[in-house]
Amino acid sequence: MNYIEIKDVVKRYSGHTALNGVSMSVPKGCIYGLLGPNGAGKTSLIRIINRITHQDSGEVLLDGRPIVDDDVTRIGYLPEERGLYKKMKVLDQIVYLARLKGMPRSIAYSEAMAWLERFNLTEWAGKKLETLSKGMQQKVQFIATVIHRPQLLIFDEPFSGFDPVNAEQLKQEILRLNKEGATILFSTHNMESVEAVCEQISLINHSQVVLQGNVNEIRRSHKKNIIAVALEGDAKLPERPELYSILPAQDSTQETMVKLQQGVNVREAIAWLNDNCPLTGFHEILPSMHEIFIDTVNNTKTSQNEEA
Amino acid sequence: MKKLKLIIAREYKAMVMSKSFILTTMLMPLLIVVCGGVPALIGYLNDAGSDVEKVAIIDESGRYGAAVTDTELYQFVALKGDTASATNAREFYDKSSGDLAAVVVIPAAVDQGAPVTVYSESTVNISLKDHINRELSDTITRAKLASYGIEGLQEMIDNSTVDVDVKSVKWSNDGSENESSTEIAMVLGMVLSLFTYMFVLMYGAMIMNGVVEEKTNRIVEVIVSSCKPFQLMMGKILGIGLVGLTQIAVWTVLVSIVMGVCGSIAGVGFGIMGDNSVMLGGAAQQAAASVDEDTMASIMRSLFSVNYAAILSCFVLYFLGGYLLYASLFAACGSAVDQASDAGQFTSPLMFIMIIALYAGMACIDNPSGPMATACSMIPFTSPVVMMIRLPYDVPFWQILVSLLLLYATAAGTVWVASRIYRTGILLYGKKHGFKDLFKWVKG
């Protein structure tokens, strides 16, 4: 069951096309990564899901039916460029934003207090926002995003502006919300976090989806047949050009990277190594999302240049 | 609707609770009272604090010296003419060892037009000169009239001096007569017109700054993911408009209280003014002197003859219409820029129109029913200011109706245009935009 279904969405601004036939399915309860370089169209897509702007053509379905304005109460959105009213008190601010999302005042109030306590901000509830540190302001912003228990959470670069400790706390909160049933749409450049938390991704480049699917499957399908081999002691890996080529050492680890020749399968190579070297261990190296991201973006660039 | 209410409430609360609002609301009337009252008070203290000064009179004419009577400030001492003359005035002054403030010499030929001279080491106070001038002129005029030996001449002259008082009376439809005052209508119109002008500019700027603040704070994207940009814009405009009405209400109450208090102690007030007008010179003195009980009563009657309820409700209607019209445009200006300091290129045409409206209004004071005034009170961009000038002069009802309809229709139009600019502008950062972009956004 897909919670969001985006079908062939096109959005044009005067002069350029921000989204050109984008389709995407986000299963219910999934943590979904929306990736892409700056200006690719991620924010345009997120704004359409949030009903801030409207698509020129195509469909956006939420929970199986076309999305309507009232659905925004079921969405929590943390934009990349975010802020709050500096002169407003922390608690008032959270309650105000919660009520804008349709929460009754008394519930918004008690929920806000509970969240402030969870983030150790209780004593700041009556203070003006401008008196808080930047990290605390970010936490207040996070509370304001999730307080109305949205079924869909959209985070645009959620970890920017957080120190590692707070970023970890934030990540745990996001995972907890996901466990409680929220579907999460992540927009980020931070590829490590994508590998760590996202089950599925869409990579958008130049207004189009260029890569889509399950993270593990994508990594496997992009594998370059590289395995890391560890040998006993100072033993050196013999050259076997017909089986593999040895890649130049990148760091001081004991492992040696070898790239298998085309047509050679892993089992074959390992069998030979096992027979001929003091093999202590091996594992296949899957490309990181970071590499796949850069490769894919560069590939689309070159193919576009060729077209032009 | 619920969201709009929430936004209005937030804007209202944020503004009304701010220190600057509380200060201006409470202090503005005080400031006006202080501005008006301080000069009078200073003059009063100035007079009250000083000692009575002695002034010597050398009366060479031998007849008119006694005519100059003592005042609260000056005591006049006559010096006998056989020992004293203009030539030895200095001796008397020196001999007095600082006891004398001045020496007045009345020449023998004073009734032939010879000037009276006041000698002093310091600059002669203008109120002293005025006092001597008045008392001597009166006495000498009387003496001259008496010298003709015509019986009852004084009475004849008094009777033939006529000061024509022009009183305006307004006929109302029910046949009753109301004493009206053109001056009061004029002042009232000017005050209301300036008020509208000031308020629209002040609150327009507030709206614009609010919009720019939300944009630079980057809260705007958070808010519009919960409500429509139109709701956010209207919420701000209406919320701050309510703040304006609150301010008007508070000021109306304060002014009514002050007027009530002033009315009950009017006598005392005018007494003080009468005293002080000495320092304003002879003309004011005479004016103050002529404010007798009759004219006071007529001023009060005229003040109360004005239909405040009708004017105030018209004022509120025009104020709201003009406010909506300009505030929405100011909001659009704010949405198109990243910082308030960049907004000048968009706001200057608005300011220009407002200033034209003000000048048109001031020009209409002389002829509030003329074609120019009528036209400007119909054009929506100038009508809120110009109609204020005309209101106290009983504008035909149909004109008010048409002008209000035009104003509100145009305001609805500017709100629509502004909302188109706003919803695009608030989400665009970084690039500077021109009028061309705004037109593009309006077209969608």
Side-chain angles (χ1 to χ4, degrees), chain A residues 12-15 39 43-44 46-54 56 69-89 92-105 108 128-130 137 140-142 144-145 147-148 150 152-154 156 161, chain B residues 1-21 209-232 235-236 239 338 420 422-431 433 436-444:
Chain A
R12 281 187 207 91
Y13 292 109
S14 55
T43 305
S44 294
I46 288 176
R47 282 181 179 169
I48 286 171
I49 299 172
N50 270 308
R51 309 289 292 166
I52 294 174
T53 51
H54 300 278
D56 295 326
D69 283 343
D70 278 346
D71 285 328
V72 293
T73 60
R74 301 204 270 164
I75 303 176
Y77 174 39
L78 185 68
E80 182 179 5
E81 298 284 6
R82 52 199 174 233
L84 295 165
Y85 291 109
K86 289 198 171 67
K87 303 267 178 211
M88 211 172 168
K89 287 172 185 161
D92 291 348
Q93 189 131 228
I94 297 172
V95 170
Y96 172 63
L97 291 171
R99 292 182 69 200
L100 269 186
K101 286 283 190 188
M103 238 184 169
R105 184 212 290 268
K128 283 186 182 165
L129 188 89
E130 59 189 354
Q137 291 187 19
V140 173
Q141 185 107 48
F142 178 79
T145 308
I147 184 166
H148 58 292
L152 173 64
L153 279 164
I154 302 176
D156 200 347
Chain B
M1 252 345 255
K2 213 181 128 203
K3 286 177 183 174
L4 186 65
K5 256 191 236 160
L6 268 173
I7 296 168
I8 292 173
R10 197 210 80 85
E11 293 293 339
Y12 182 80
K13 219 176 126 192
M15 191 64 81
V16 167
M17 303 290 258
S18 74
K19 281 186 198 116
S20 62
F21 175 81
N209 288 333
V211 171
V212 174
E213 193 198 330
E214 277 174 354
K215 207 178 154 182
T216 46
N217 266 357
R218 310 278 169 153
I219 190 170
V220 68
E221 191 154 355
V222 176
I223 304 278
V224 295
S225 70
S226 303
C227 69
K228 299 201 155 301
F230 180 75
Q231 288 172 320
L232 180 58
K236 187 172 272 303
D338 285 357
R420 308 274 294 181
Y422 182 86
R423 64 171 195 186
T424 310
I426 47 166
L427 294 172
L428 291 180
Y429 293 100
K431 207 180 137 228
H433 306 284
K436 235 170 94 187
D437 298 296
L438 298 199
F439 284 123
K440 225 185 281 166
W441 299 346
V442 172
K443 277 195 285 176

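Chain letters run A, B, ... following the sequence lines, proteins first, then strands; residues in each count from 1. Keep in mind that what you see is a predicted model, and the values were worked out from it rather than measured.
The most heavy-atom pairs under 4.5 Å with chain B, out of A/A144, A/G76, A/G83, A/P79, come from A/G83. Ranked by heavy-atom pairs shorter than 4.5 Å toward chain B, the options A/V72, A/T43, A/D92, A/T73 are led by A/V72.
Residue A/Y85 touches chain B through both its backbone and its side chain, counting heavy-atom pairs closer than 4.5 Å. Interface remark: A/Q93 contributes side-chain atoms only to the contact with chain B (heavy atom separation under 4.5 Å). Contact annotation for B/Q231: neither backbone nor side-chain heavy atoms come within less than 4.5 Å of a heavy atom of chain A. In this structure, chain A has heavy atoms under 4.5 Å from both the backbone and the side chain of B/K3.
Across A/L84, A/I52, A/L100, a single residue satisfies side-chain contact (heavy atoms from CB on, under 4.5 Å) together with B/I223, and that is A/L100.
Few gaps surround CZ on B/R218; more than 12 heavy atoms of other groups in view lie less than 6.0 Å from it. More than 12 heavy atoms of other shown residues, nucleotides or ligands fall within 6.0 angstrom of atom CG in A/D69. Heavy-atom neighbours of B/F439 CZ from other residues, nucleotides or ligands within 6.0 Å: at or below the threshold of 12.
In plain terms, the two heavy atoms of B/L6 and A/Y96 that are nearest each other are O-CE1, 3.7 Å.
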Problem - Evaluation steps, side chain to side chain contact (heavy atoms under 4.5 Å, CB included), between A/R47 and B/E221 - result: CA-CA 9 Å; A/R47 282 181 179 169; B/E221 191 154 355; 3.0 Å; yes
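Taking NZ from B/K13 and CE from A/M88, the interatomic distance works out to 7.0 Å, rounded to the nearest 0.5 Å.
Here the side chain of A/K101 pairs a donor or acceptor atom with the backbone of B/S225 at under 3.5 angstrom.
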